[in-house]
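Numbers restart at 1 for each chain; the letters A, B, ... are given by sequence-line order, proteins then strands.
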There are 2 protein chains.
Amino acid sequence: MATAWEQSYLTLRRRLADGTYPAGSRLREEELAAQLGVSRTPIREALRRLDAEGWLRVVPNQGAFAASWSRQDIEEIFDLRALLEAHACEQAAMRPTPAGIAALNAACAAGEASLPATTLAAVEAVSDANVRFHQTIWEMSGQARTRSMLGTLAVPPMILRNFQHFDDANLRRSLAQHREMAAAIASRNPSLAGAVMRAHVEAGKAIFLAGTAQGAAGAAA
Amino acid sequence: MATAWEQSYLTLRRRLADGTYPAGSRLREEELAAQLGVSRTPIREALRRLDAEGWLRVVPNQGAFAASWSRQDIEEIFDLRALLEAHACEQAAMRPTPAGIAALNAACAAGEASLPATTLAAVEAVSDANVRFHQTIWEMSGQARTRSMLGTLAVPPMILRNFQHFDDANLRRSLAQHREMAAAIASRNPSLAGAVMRAHVEAGKAIFLAGTAQGAAGAAA
DNA sequence: CCGACGTAGTCTGCATACAATCCTCCCGCG
DNA sequence: CGCGGGAGGATTGTATGCAGACTACGTCGG
């Protein structure tokens with residue numbers, strides 16, 4: 001078993017992602033400690049890291065508050081994802097590994113196997129495959145900082161939420177782009193791979209912004 | 001006065017930047033606590049944050065080790081800087097403020113006033129003006145995550161070290177590029193501003209890599 | 001002589017206790 | 001009735017103590 005603060009960090013991050021703690025809500029240390037069965041010390045260390053990564057905001061003497069995302073935040077996050085994911089994709093295409101390519105194709109196949117995504121479980125399956133695809137590219141890029149930065153951009157929860165807005169055509173287009181990227185990486189074509197990724201993320205941004213047109217994006221659970 | 005852990009964080013970060021703690025060296029909690037006049041608790045919280053930001057690496061049950069940068073790390077950092085700084089520069093050029101433009105011009109003037117940079121103090125003065133220029137652009141961009149990500153890329157220490165390698169011609173070219181960017185931002189020309197910034201960072205990368213040609217970049221104090 | 005094991009020492013991980021700060025609510029005053 | 005001030009409670013900030021893990025060194029066996 002890993003350290004208590006690391007476990008707490010992972011648990012809290014997952015809960016922040018899935019909406020267990022709504023945006024803007026206050027997280028009390030003692031309560032979290034009781035829930036996770038540890039003392040306040042490791043909880044505090046986990047909160048410091050979550051603060052550094054933008055999952056929440058710690059105000060001195062006031063406590064931790066779950067982050068909420070405004071429309072401007074959403075746009076910035078997608079813009080940064082477009083930059084960083086394209087960068088990672090180009091790097092991955094410069095040195096593809098057989099294992100990496102196999103993982104990409106496996107993620108593609110897993111996503112396609114869940115179509116048509118008519119149930120929530122199927123949507124989650126596609127989402128999982130999607131996350132695995134992107135994370136595999138991050139790994140293949142060999143860029144440690146790029147990977148960790150993408151990890152702090154709340155990418156997985158955003159992908160999951162976004163998939164609620166995808167219709168069947170969007171899902172198929174998204175998966176087709178994954179196949180395109182996998183092929184471009186396998187054939188060592190960085191500029192193509194990067195360009196497809198940029199388009200892929202920009203398309204996701206457009207769908208996300210359309211889906212939350214006038215709704216309060218930050219309040220979504 | 002801020003909290004003890006925040007003070008400790010700032011102090012330790014400065015020492016990691018200026019080489020007080022050499023790359024790879026081990027940082028013992030009790031020793032740091034004694035040096036900063038606090039207990040181990042705030043020190044530990046500061047270390048967690050420095051770990052999250054990449055300044056050091058905390059290994060469970062073994063302690064914290066000051067980060068060392070390989071040539072590959074340096075390249076990745078400059079590549080990310082090129083992406084993110086250009087992005088910030090474009091955003092700043094979309095909504096320039098009078099105060100921001102004034103700050104940019106002031107930083108330019110301060111840098112130029114220290115030329116020719118024949119003494120170490122003059123080099124540091126130019127470096128300070130340089131850092132202020134870049135940070136002003138980050139502020140003007142209004143992109144909170146972009147700013148914080150750039151902050152984690154060890155940019156200030158890298159700029160300072162890099163300036164040791166600049167000759168007079170390089171310094172003048174660098175400052176001329178700053179003037180170019182300031183003008184492009186003032187005239188609301190995002191693509192020009194972003195392009196100049198990309199070139200600016202790429203030039204810095206080339207000089208840095210040439211300067212540390214076969215030397216151990218990570219070991220540099 | 002070299003390698004493996006055991007043990008003492010040191011340091012980190014976590015829990016607990018105490019101090020300081022902030023928020024809330026109530027009371028008094030204008 | 002509205003507003004300012006203060007006491008109480010709640011919550012965070014910091015210090016300390018103890019237990020567990022790792023390191024280093026010495027010793028024993030091959």
- Rounded to whole angstroms, how far apart are CZ on A/Phe65 and C1' on C/dC22? 11 Å
- Task: Check the distance between C/dG13's C1' and A/Glu6's CD and give it to me in whole angstrom.
- Result: 12 Å
- side chain to side chain donor-acceptor pair (under 3.5 Å) partners for B/Asp128, two or more places apart: none
- Message: Tell me every residue that passes salt bridge (charged side-chain N to carboxylate O under 4.0 Å, His left out) with A/Glu75, counting only those two or more places apart in sequence or in another chain.
- Response: A/Arg71
- Roughly how many Å is it from CG in A/Leu32 to C1' in D/dT12, rounded to a whole number? 13 Å
- Query: Does A/Asp73 reach the side chain of B/Arg145, with side-chain heavy atoms less than 4.5 Å apart?
  - Reply: yes
- Message: Other residues, nucleotides and ligands only: do more than 12 of their heavy atoms fall within 6.0 Å of CD on B/Gln72?
- Response: no
- Would you indicate which nucleotide in C/dC14, D/dA15, C/dG13 comes nearest to any side-chain atom of B/Arg48? C/dG13
- Quick one: sort the A/Phe133 and A/His178 rings into parallel, tilted or perpendicular, breaks at 30° and 60°. parallel
- May I ask you to say what B/Ile43 touches in the nucleic acid, namely base, sugar-phosphate or nothing, with a heavy-atom cut-off under 4.0 Å? nothing
- For nucleotides 5-10 of chain D, just jot down a letter per nucleotide in 5' to 3' order: B, S or -, based on protein non-hydrogen atoms under 4.0 Å. ------
- Task: Please report, rounded to the nearest Å, how far the C1' atom of C/dA15 is from the CD atom of A/Glu29.
- Result: 14 Å
- Item | Salt bridge present between B/Glu45 and B/Arg49 (N-O < 4.0 angstrom) | no
- Rounded distance (Å) that lies between atom C1' of C/dT10 and atom CD of B/Glu31: 13 Å
- Task: Go along nucleotides 17-24 of chain D 5' to 3' and tag each nucleotide: B for a protein heavy atom under 4.0 Å from its base, S when only backbone or sugar atoms are that close, - otherwise.
- Result: B---SSS-
- Grab the CD-C1' distance between A/Glu30 and D/dT12 for me, whole Å please. 10 Å
- Residue that, paired with A/His134, satisfies side chain to side chain contact (heavy atoms under 4.5 Å, CB included) out of A/Asn130, A/Thr136, A/Val131: A/Asn130
- Message: Using the salt bridge (charged side-chain N to carboxylate O under 4.0 Å, His left out) criterion, which residues pair with A/Glu29? Sequence neighbours excluded.
- Response: A/Arg40, A/Arg44
- Write down the distance between CG (A/Leu47) and C1' (C/dC14), rounded to a whole number of angstrom. 16 Å
- Query: Can a side chain N or O of B/Thr41 be found less than 4.0 Å away from OP1 or OP2 on D/dT14?
  - Reply: no
- Query: Can you list the residues that meet the side chain to side chain donor-acceptor pair (under 3.5 Å) rule with B/Glu202, with sequence neighbours excluded?
  - Reply: none
- Message: Rounded to whole Å, how long is the line connecting atom CD of A/Glu45 with atom P of D/dT12?
- Response: 16 Å
